[in-house]
Amino acid sequence: MAEFLLVAALLVFATVVAGLLRVLRGPAVADRIMAAQLLGTGGIAALLLLGAATAAPALADVALTLALLAAFASVAMARTAPRQEKGGEPRE
Amino acid sequence: MSLLADVFTIVAVLAGLVFFIAGTAGLLRFPDTASRLHALTKADHLGLGLIVLGLLPRAGGMGGALRLLAIWGLVLVSSAAVGPMVARLTRGPEGRE
Amino acid sequence: MSATLFGLMGAALVGIGLFGMLVRTQVLLRILSFNLLGGGIFIVFGAVARRGAGAGFGGDPVPQAIILTGIVVAFAATTLAVALVLRLAANQDRS
Amino acid sequence: MDWGLLPVLAVMLPVLAMVLALPLGARGAERMTLAVLPIGLALAVGIAVVVQRTGAPIWHQLGHWAPPLGIAFRADGLSAAMLVTTAMVVAATAIFARAEFGTPPGAAERRQAFAFWPLLLAIWAGINLLLVANDLFTLYVGLELLTFAAMPLVCLDGSRATLEAALRYLMFALLGSVLYLLGVALIYGATGTLDIVLLSQRVTGQPAVVLAIAVMTAGLLAKTALLPLHLWLPPAHAGAPAAGSAILSALVIKGSFILVLRLWFGVMAGQPMPGAAQILAGLGAAAILLGSVAALGQARLKLLVAYSTVAQIGYLFLMFPLLAAVPEASEVAARAWTGGVVQAVSHAFAKAAMFLAAGIMAARFGHDRIADIGGAGRAMPVTLLTFGLAGLSLMGVPPSGGFAAKWLLLSAAIGAGQWWWALVILGGGLLTGGYVYRVLAAGLRAGEKSTMAPAPLAWSRDGVALGLALISVVLGFLPLAAFGLLQVGRLDLAP
Amino acid sequence: MIADLLLAAAILAVAVASILARRTFTAVALFIAYGLLLSLAWVRLSAIDVALTEAAIGAGLSGVLLLGAVRRLASRAEAPANPPPGAAMTVLIGIACACVAAALGAVILLLPEPAPSLAPQVAANLPTTGLGNPVTGVLMSFRALDTLLESAVVLLAVICVWSLTPDGGWGGAPGAAQPILGDGPLLLLARILPPLGIVVAVHILWVGKDAPGGKFQAAAILAAMWLLPWMAGLVAPPRIAARWLRLTVAVGPVVFIAIGLAGAVTEGAFLAYPPGWAMPLILVIEIVLTASIAVALALLVIGPPVPEP
């Protein structure tokens, strides 16, 4: 069972890293925010799975903190996101 | 009983995984920001929800289970709040697409 | 094993942060690079702590506690730098 | 009798006062600072007396936890001398600063007054901590205490120029701090302890420790402003209010310098590094010559004094190759060590006096252009005298503290067979004479009185500055035996 | 192992992208991702306490602080900074930094085996503190001085930030006025999250004596829960002249020093706890420090008062 959960954690994490490409690529600000959010959610899921696999309940506290602060940070991001004039953001 | 719980966990976690993969794929492949947003929220809500559900029998008591549910709730609420804000960024003259 | 891996990653982060601090001209990005650099150093220390695992602990608790203190101090330093940058910008606005 | 609590109190007194300054507000903080000063001075003198009498460092294990698990305080001769110096300079600047940062009864709290007193206390606490802590990470916290407190002092007036100077200083200082922290991590990884005394026994030239010392030294040199990492210093020290400049130039840069000493002759006590020491001293020599030349060319008085600091820092590093070249217990090593520390002490007094005098002049003229300070000799003879006396000490004219320091370094250089440093010391003295003379000559010229503010802010300011200058001179009258205090607890002497 | 490799690669990629980003917003967004990933790395390094701190401070508070700066700087043209170093210089700096990283990496590979460690000593002495979490034991007993001084440093940082108040703003409420968005989602979150967050913070503080957690993490969460309604325009921070605000920031270090001095009097060593009293005293210190540090951290993010134009 523990092995299964570990593999699941790895898979979730792998998808998250794939999602990271979107943060890196953009192009729109919204994409980066969403990808960061996915990173948060995926990280939480991976932590929970890892915690269950290794019987480390403290990891759930990390996940909890991450959930709280990720919400906080993504609100700040959505609020701060530049609303630029026509032409939008230059691709990077 | 324990076997049943294990099977439950495996099925739920696998289902959650599918949603995560689908969400990420959507985020990477969909052509425009609005549909990427839809894909993402699915992963957020259901992927994590299913994994939490699957881990509930292994949470070790009420406290652990409550903590798991609280995490899910937090993610739901924050994504519900951030979603519209992000969506607004993608609309109108100021956003892209 | 993972201690060594992350230790090497920390070393790389130190290089990256240092580069950012020296090359970027926007002050905000310099502050950010300072934080990347700090993160790398903490990770190096964390790898040291992980190597010292023993006595039933997953890592040597002394460096872990030091890292904790260090993160808070580094955060305070960041807020100072940001406040200074904002103040400078406000002054430029007025003149 | 257990004297171990003396160093603890010497650190915790200013820390507690700084913490209380926040709720007390500007006026309360000012009065509390003045009340705390004599206690702190008494503690410092007490430590010096105990160390001198017992001939051994004072030890204290915090919470009864012995290193390496716990943290120890260790006040040796170097600590004692610098503790007394720090307490005296802080007391003098506090009295000096009352005219500028005082809050009269009933007046509303002002920003500058609110900030100044806790910043002064924080610098005092930080330096005392750097002097007595024996743990590399605790020393890091002390470094940060200094950095945080020094940065706002630079830009207390809020002008754009000083804000830019403060930002540049902060960037240097933060980079210095993290480099130091990186070294801490490596040293712990290689040895499993951060206690300097234990390290002096455990270090055997492990590559991690050598790299650690290298990056830490680099970081600390950025904070000490040794050439070529000095670029931040002149604008920062020249832009601060006079009391702030005095503290920054006299004390703050010494904090990181003392830490370099602790690393080289504490942690690395058994591993002399003559090659690297030559490089350090080479940088020091360059600083002496280039800093003095730059000072000669300055048009503004406070910038001149700031460049003089760049030059005087250079002398501090001449002791490194001398100590590395001769046996630790030899007479030459003792002279080099004493010379370096006396230079730090006498420069602290002289430079504080100089900045305060420059501040008094700038306040009365409304500017600090050297070309336009004619008439200062008649209108404020005491101030000019202060500047001159401090200048004598910096030049190394006998009898003065600066002379004692430079003489000791000179004779040690010759004793160690490294005569080239002696030439640098002599040349630096001549250049110093040049820029001090420039200021005095300009001040003694006749000038228009109308440009001057009618009266000084407070007579006590002149008195305090003159007192500091006198101390820097009187240090030269101390019998050489008095410097024996500085040898107590030298880790490189330990068997 | 694969996971670790993936994680390390991801962190490095984010870090590189962050320093190369053209816009400050992008750089900060990447920096927040960096913080999230770093806290996963801490979990992999078996440093759960640090992971909690990194999640709360590295990703959360630092990110929000930098985002606030981006927002306030966005309205103005970037100040004419020093010209960027030329291409040759950039390459040179890059090579130098790579050398530093390489030397560091080599030294890490050369660290002694078995690694020196204080873990056994901590384990042997932990029972006298009555604590179950070794990191808390180090922070509050073996190396309590660092913790004490650090709380003083945080307080000093508040004084420093306030000392940067522009003319005309002294005594007023800290921080720039927040744009009232007046929309549902943010307000909703700002109302729902804080009560939940406070419960979580109390939980983290309480478990800190036996399990990963403690005052810094709890304080960071509490600070975030104060900042969120502030950002939404729901609460205004108190004026910096307010006596109670200053007292709250100072009370933690004062109590800590007082208990330390009491130890010096009764036990003969600063910060020594009388036998049997360690645990209750540590708890008292942790609780007051949490309050002080939470307020201080929030004030640090909010910044100095900004006078109305």
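Letters go in sequence order (proteins before strands), and every chain restarts at 1. Values reported hereafter were calculated over all heavy atoms of this structure, with side chains retained and with hydrogens, waters and symmetry mates removed.
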**Q** If you define the side chain from C-beta out and look only at heavy atoms, does anything of B/Asp6 sit under 4.5 Å from A/Phe4?
**A** no
**Q** Quick check on the interface: out of B/Leu68, B/Ile51, B/Val77, B/Leu55, who has the most heavy-atom pairs with chain A under 4.5 Å?
**A** B/Leu55
**Q** Taking all heavy atoms of B/Ile71 and all of A/Ala60, pick out the closest pair and write down the distance.
**A** CD1-O, 3.7 Å
**Q** Roughly how far, to the nearest 0.5 Å, is OG of B/Ser79 from CG of A/Leu38?
**A** 11.0 Å
**Q** Could you please spell out the steps behind the side chain to side chain contact (heavy atoms under 4.5 Å, CB included) verdict for A/Leu11 and B/Ile21?
**A** CA-CA 9 Å; A/Leu11 282 176; B/Ile21 293 166; 5.7 Å; no
**Q** Does the side chain to side chain contact (heavy atoms under 4.5 Å, CB included) test come out yes or no for B/Phe20 and A/Thr41, once each step is laid out?
**A** CA-CA 10 Å; B/Phe20 260 105; A/Thr41 317; 4.1 Å; yes
**Q** Pick one of side chain, backbone, both or neither for A/Leu49, based on which atoms fall under 4.5 Å of a heavy atom in chain B.
**A** both
**Q** In the structure I gave you, are the side-chain heavy atoms of A/Thr15 and B/Leu17 within less than 4.5 Å of one another anywhere?
**A** no
**Q** Going through the distances and angles, do A/Asp61 and B/Arg67 end up as a side chain to side chain contact (heavy atoms under 4.5 Å, CB included)?
**A** CA-CA 8 Å; A/Asp61 283 333; B/Arg67 196 159 45 177; 2.9 Å; yes
